[in-house]
Amino acid sequence: MKRNPSRKKSSSGEEERALLSKMMLIRKFEEKAAEQYTKEKIRGFLHLYIGEEAVAVGVIQALSEEDNILCTYREHGHALMRGLNPGVIMAEMYGKVEGCSKGRGGSMHLFDVDKHFFGGSAIVGGHLAMAVGLALASKKQKKNNVTCCFFGEGAAAEGEFHEAMNLAALWKVPVLFVCENNLYAMGTALKYTHAMQDLEKKGAAYGIPSVAVDGMDIIAVKKAAEEAINYIKESGMPYFLVCNTYRFRAHSMFDAELYRDKKEVEEWKKKDPIINYHQVLKRKRLITKVQYDQIEAQIKEEIDKAVSFAEKGSWEAVEDLGKFVYSE
Amino acid sequence: MKRNPSRKKSSSGEEERALLSKMMLIRKFEEKAAEQYTKEKIRGFLHLYIGEEAVAVGVIQALSEEDNILCTYREHGHALMRGLNPGVIMAEMYGKVEGCSKGRGGSMHLFDVDKHFFGGSAIVGGHLAMAVGLALASKKQKKNNVTCCFFGEGAAAEGEFHEAMNLAALWKVPVLFVCENNLYAMGTALKYTHAMQDLEKKGAAYGIPSVAVDGMDIIAVKKAAEEAINYIKESGMPYFLVCNTYRFRAHSMFDAELYRDKKEVEEWKKKDPIINYHQVLKRKRLITKVQYDQIEAQIKEEIDKAVSFAEKGSWEAVEDLGKFVYSE
Amino acid sequence: MADENTHKITYREALKQAHWEALRDDDRIFLMGEDVGRYGGAFAVSKGLLKEFGPERVMDVPLSESGFVGAGIGSAMAGMKPIVEIMTVNFSLLAMDQIINNAATLLHMSGGQVNVPLVIRIGCGIGRQLAAQHSHSWEPFFAHVPGLIVLSVGTHEDARGMLAASLKSPDPVVMLEYTFMLNREGEIPADPFTVDISKAKVRREGRDISLITYGNGVYKCLEAAERLFELGIEVEVLDLRVLRPLDEESILSTVSKTHRAIVVEDAWKSVGIASEVLARISEKAFFELDAPLYRLCGAEVPIPYPKHLEDASVPQSEDIIVAIKKILGHDSV
Amino acid sequence: MADENTHKITYREALKQAHWEALRDDDRIFLMGEDVGRYGGAFAVSKGLLKEFGPERVMDVPLSESGFVGAGIGSAMAGMKPIVEIMTVNFSLLAMDQIINNAATLLHMSGGQVNVPLVIRIGCGIGRQLAAQHSHSWEPFFAHVPGLIVLSVGTHEDARGMLAASLKSPDPVVMLEYTFMLNREGEIPADPFTVDISKAKVRREGRDISLITYGNGVYKCLEAAERLFELGIEVEVLDLRVLRPLDEESILSTVSKTHRAIVVEDAWKSVGIASEVLARISEKAFFELDAPLYRLCGAEVPIPYPKHLEDASVPQSEDIIVAIKKILGHDSV
Ligand SMILES: Cc1ncc(C[n+]2csc(CCOP(=O)(O)OP(=O)(O)O)c2C)c(N)n1
Ligand SMILES: Cc1ncc(C[n+]2csc(CCOP(=O)(O)OP(=O)(O)O)c2C)c(N)n1
Ligand SMILES: [Mg+2]
Ligand SMILES: [Mg+2]
């Protein structure tokens with residue numbers, strides 16, 4: 001094995017392998033979740049992020065721990081990347097009290113306030129204004145943290161998007177809007193959702209700097225996110241980042257995928273962010289087979305542990321049904 | 001008096017005087033309404049259009065009778081221009097059954113469906129999507145009419161604006177969005193309402209052609225509206241027209257106008273669309289003093305008639321309170 | 001119960017047939033909603049309709065609940081007859097302004113000029129562990145509003161028949177459908193039939209006590225009634241069906257017959273449909289009552305995700321049986 | 001009734017003082033809403049506050065009800081204590097998604113992690129001929145929703161005291177204020193006082209019949225009670241004040257005392273607060289009743305513009321008097 005001591009940091013490849021392993025964790029975690037869904041351990045809606053991992057990983061790595069995160073119902077990846085324990089996420093999806101939302105929320109409502117992870121919102125577009133509010137609070141409290149809000153391209157058609165963008169720009173608050181453009185809102189393709197499909201151009205209507213990036217390329221996302229965060233931290237102003245990506249799996253476990261060609265999916269799978277980045281790392285000799293296998297093994301172990309944590313978790317007593325409606 | 005027989009149509013000045021007289025009718029009608037408000041003949045909110053007359057007149061003259069119109073609560077001018085009888089409008093503001101909405105609506109809810117005049121909406125932004133729906137129906141019914149929707153710059157901050165613009169462009173329906181930018185939403189100036197204040201630039205977010213025009217200049221509005229209507233009739237597509245204007249009076253009769261300088265108002269009054277257009281016509285010798293006085297006298301008569309019609313109108317029986325909730 | 005006069009059908013299929021027929025019969029009718037076309041409907045109710053009727057009649061719309069409901073209102077004002085689907089009742093809040101301030105109000109504020117012949121269909125209720133933003137029973141919100149006709153589709157018969165009736169209304173109709181029932185099979189008349197959307201309907205006769213219910217409650221009440229029949233208790237089940245305007249006559253008449261009533265609903269208890277039914281009875285049939293009135297409603301909690309808690313958050317047949325036994329002093333079993 | 005322990009104040013001024021005090025006492029508190037600043041508040045409630053506290057504490061916001069209510073929720077989640085004003089209750093429908101799907105639900109769906117200490121103030125009710133899109137009494141919508149605390153500001157005392165109490169709540173509070181009363185003068189204690197936002201309040205004692213009411217109903221009921229007193233009829237007036245969670249104990253206790261009750265509200269009758277009150281009484285105090293319960297509610301019509309029809313669309317003192325006389329068989333006068 002060759003080593004190049006002069007390019008220490010990058011040649012050691014630690015950082016790069018960490019990015020890869022985060023994406024792999026998300027992928028494997030969700031594959032396991034899908035499996036558990038089939039076994040009816042997990043119920044309700046389950047929205048997989050498979051294919052889009054580079055977005056959550058690339059963006060969230062650029063955030064500090066103090067930065068707030070808000071997501072949609074398709075948020076396992078974000079939660080994992082924010083550092084929520086896979087076990088408490090899995091337990092949540094099982095509906096167990098050990099889950100990160102005490103089992104009340106399920107897959108769509110992962111929360112961890114201590115980690116500044118504010119859900120898991122299942123009303124499309126409903127969390128954008130909340131993100132602006134969190135950022136407004138940061139400004140009022142003279143904190144230096146950013147609020148990062150993920151949403152789909154479908155959400156950008158909602159009036160909430162318009163109001164949130166305008167308020168953020170008007171109030172000059174530090175919020176990063178990340179549009180995960182996976183080309184579909186359930187079964188409705190971008191062209192049936194937006195008259196103007198270059199979504200990054202929508203920023204101009206609010207005077208918000210906007211950039212589109214290849215969301216299948218972890219390095220591109222990372223770079224764009226870092227630039228965005230720098231801009232926000234320096235200016236205190238909002239920023240709009242469009243990540244063009246694709247979901248490989250159905251919208252949720254209820255979806256028969258009548259609305260798109262298998263071929264289209266196959267084409268996109270060639271852009272798999274994990275496979276491709278793995279290739280890049282191999283080419284750059286930043287990862288060995290042994291290292292890769294180690295990562296895989298570690299992830300497998302972590303996920304097995306998560307499942308057994310969830311399995312061993314407990315059901316909340318029915319008598320407690322009325323809890324969490326008002327504060328105690 | 002010189003005449004130039006070669007410039008027949010315009011030298012006769014009939015069309016021009018008609019525009020002037022329409023604006024004057026609106027002005028005088030509203031001045032009378034304000035007077036009747038002070039006498040407590042009219043109650044509730046009364047929103048005057050004084051200063052903005054060139055917009056309604058310039059735009060509506062470009063429409064055919066089959067074209068639909070939807071307005072806000074500041075719609076006396078539009079109703080008059082659409083040809084509603086001043087008497088039935090006045091009666092409506094009195095709350096009499098002879099009113100155009102049988103007295104149920106009042107100043108904010110003038111309707112005349114036979115004249116394709118669909119109100120009079122007092123939820124800011126609430127009528128934009130309805131306008132898209134009317135235009136959608138025209139398309140489905142293969143009618144050739146346009147739907148024209150007036151709203152304020154304040155309304156453009158509502159999510160409804162965003163959704164309506166997108167739907168109109170996506171569905172390719174013949175709707176003219178007219179933003180009456182009078183710089184204030186109640187007491188909130190444009191700069192506190194929109195991060196990006198060149199409103200005509202918002203069209204680009206939906207791929208809708210957009211133009212801003214001096215809304216104090218009847219000829220400019222007329223020309224812009226005609227171009228807009230031509231575009232819509234030819235393409236079947238939506239269009240966004242921003243008319244920059246100013247209201248000379250308070251937002252409503254409840255408003256103490258704490259939020260703007262008297263001086264600012266005085267500056268704008270120099271752009272009075274009626275006085276200035278009268279000057280233009282005088283300069284071009286398209287109106288004589290006699291003609292002007294005649295117009296004034298006619299308008300006075302019409303308005304006096306309107307008032308006495310309203311005065312003589314009748315109150316609906318209290319027993320009929322439950323009417324118009326469901327169709328009979 | 002199947003005989004030659006009825007046939008078996010799922011609730012979903014009944015809804016779909018109703019749509020198919022409507023689209024076939026009247027050019028002014030079109031269906032619009034999120035994913036009603038290419039996806040086939042979030043719950044597959046409209047599957048196949050796009051192919052048959054084309055994208056002008058079965059319109060996929062962007063995520064813009066206020067916008068497309070408003071557009072539905074506008075096109076109804078212009079003489080079309082739109083059916084607007086809101087996928088899940090929680091999202092209807094985004095369109096509440098359009099539904100209440102416009103659809104329900106235009107006729108009145110225009111002095112009788114503007115009709116809004118619009119049908120809004122909304123999927124609601126629990127049953128699929130969809131948790132706190134996808135599972136509610138918000139019939140009470142709609143039933144409070146003058147100007148709306150509010151229907152609750154609690155049976156297969158109504159799933160098949162209510163849409164056609166609604167499309168005849170000159171006024172806006174809100175049709176609440178129940179996701180929980182989609183796969184359930186039931187019987188409907190084999191021959192074409194119409195339903196009357198001004199009347200409640202007695203789904204089972206009985207003389208000991210009245211169960212007054214709607215929506216997801218109907219089959220639960222019928223099941224409870226069936227089981228109580230074996231114990232010699234004869235329960236009358238009244239399906240309200242029309243939550244606004246309420247068919248008061250049918251309510252008072254069942255109470256005058258049985259002199260006891262329980263109202264069963266999945267919706268949250270406070271300020272619900274059951275409250276209204278109790279209020280009407282206590283105002284107008286007070287002297288008919290042999291026992292206090294009783295409500296069995298949804299627990300006052302946003303719906304939790306885990307199945308055991310979701311189940312616990314609405315009344316089940318078992319709860320109904322227990323309540324009836326208690327009221328009738330039938331503790332022996 | 002004025003004495004040295006009380007002083008005279010308008011309802012508007014009482015609200016304003018409450019705001020002034022809140023802004024003075026706690027840096028985390030800020031007021032946001034359309035025209036609350038430079039305009040001085042649509043109804044002049046916040047006039048002067050911008051000048052005193054500056055634009056960071058008194059924020060004019062664009063017309064974006066969903067947006068700024070959502071932003072209020074977000075900032076509450078982050079430890080601020082926003083007071084969000086929605087100018088008129090009709091516009092609250094644009095923010096219903098935020099209020100119900102988020103504010104009321106976050107605590108639950110996060111398993112108790114996310115508190116939303118937000119106060120939403122909403123102007124409501126009739127009285128200024130503002131017609132069908134500006135005049136409603138939609139207390140029932142809010143009172144139906146678990147997770148919200150819903151207050152109805154029916155007196156000057158509450159106008160002065162409820163805001164401070166609401167700002168102490170860890171959970172979202174909806175405070176309904178009444179445009180009709182703004183100019184009305186009333187008495188409040190001269191010394192600083194606090195109010196308890198968990199309890200209804202008997203505003204006048206009596207033994208013959210209970211008037212149960214809230215909001216615009218309170219003074220109308222007190223007026224009716226005053227006039228009936230001259231005829232020897234002693235009416236107890238219970239101001240519900242807290243519409244959610246309802247103070248059932250106070251309701252049952254007044255009914256147990258008088259054995260007769262009328263519920264008075266401006267809101268539409270069907271599925272309203274009165275329905276709920278009647279339901280609770282008929283469930284739990286059935287055997288206490290000497291007469292059928294009775295509701296005097298708003299007419300089920302979007303509010304019409306003309307004064308005589310507007311007046312007719314809500315119960316007036318005169319109607320209350322007539323109803324009481326009828327129930328008590330006091331037809332003689
Ligand atoms: C307000 C609202 N309307 C509709 C839905 C149903 N729904 C859930 S996800 C979804 C598609 C959203 O698409 P997009 O925003 O692109 O996100 P993606 O699922 O592609 O990540 C729809 C229509 C919802 N949850 N909320
Ligand atoms: C949804 C909604 N929010 C608030 C109001 C109260 N309001 C009435 S008019 C107005 C200002 C609207 O400004 P703009 O759209 O610019 O129209 P203008 O009055 O200037 O013509 C406001 C805030 C309302 N009627 N509807
Ligand atoms: Mg998408
Ligand atoms: Mg304006």
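Lettering of chains follows the sequences in order, A, B, ..., and the numbering in each one begins at 1. This structure is a prediction, so every number in the text was calculated from the model and none was measured.
- In this structure, B/Arg43 is positioned above the aromatic face of B/Tyr37, its NZ or CZ under 6.0 Å from the six-membered ring centre and within 45° of the axis.
- Listed for the B/Ser121 side chain is no donor-acceptor partner under 3.5 Å among the backbone atoms of B/Ile123.
- Using a 4.0 Å cut-off between charged side-chain N and carboxylate O, B/Glu66 and B/Lys143 make no salt bridge.
- Contact annotation for C/Val145: only backbone heavy atoms (N, CA, C, O) come within less than 4.5 Å of a heavy atom of chain B.
- A salt bridge links C/Asp247 with C/Lys199: the closest approach of a Lys/Arg side-chain nitrogen to an acidic carboxylate oxygen falls below 4.0 angstrom.
- Using a 4.0 Å cut-off between charged side-chain N and carboxylate O, B/Lys115 and B/Glu65 make no salt bridge.
- Interface residue C/Ile149: backbone and side-chain heavy atoms are both found under 4.5 Å from chain B.
- Residues of residues 20-38 of chain C that come closer than 4.5 Å to chain B, counting heavy atoms only, are C/Phe30, C/Met32, ordered by residue number.
- Between B/Glu92 and B/Lys96 no salt bridge is recorded (no basic side-chain N to carboxylate O distance below 4.0 Å).
- For the set B/Lys102, B/His116, B/His109, B/Lys140, the entry with the most heavy-atom pairs within less than 4.5 Å of chain C is B/Lys140.
- Heavy-atom proximity under 4.5 angstrom to chain B picks out C/Ile73, C/Gly74, C/Ser75, C/Met77, C/Ala78, C/Gly79, C/Met80, C/Asp97, C/Gln98, C/Asn101, C/Asn102 from residues 73-104 of chain C.
- With chain B as partner, the option from C/Leu106, C/Leu63, C/Leu148 having the largest number of non-hydrogen pairs under 4.5 angstrom is C/Leu148.
- Inspection of non-hydrogen atoms places no residue of residues 151-158 of chain B under 4.5 Å from chain C.
- Ionic pairing of B/Asp67 and B/Arg82 is not present here: no N-O contact between side-chain nitrogen and carboxylate oxygen is shorter than 4.0 angstrom.
- Side-chain polar atoms of B/Glu30 and B/Tyr49 form no donor-acceptor pair below 3.5 angstrom.
- Note on B/Ala135, B/Gly126, B/Gly159: by heavy-atom pairs under 4.5 Å with chain C, the leading option is B/Gly126.
- Interface check for chain B: of the options C/Ser110, C/Pro245, C/Pro146, C/Pro62, the most heavy-atom pairs under 4.5 Å are formed by C/Ser110.
- Taking non-hydrogen atoms and a 4.5 Å limit, the residue list of residues 309-328 of chain B in contact with chain C, ordered by number, reads B/Lys323, B/Phe324, B/Val325, B/Tyr326, B/Ser327.
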Passes side chain to side chain contact (heavy atoms under 4.5 Å, CB included), B/Phe118 versus B/Thr147? Steps please. CA-CA 10 Å; B/Phe118 290 99; B/Thr147 296; over 6 Å; no
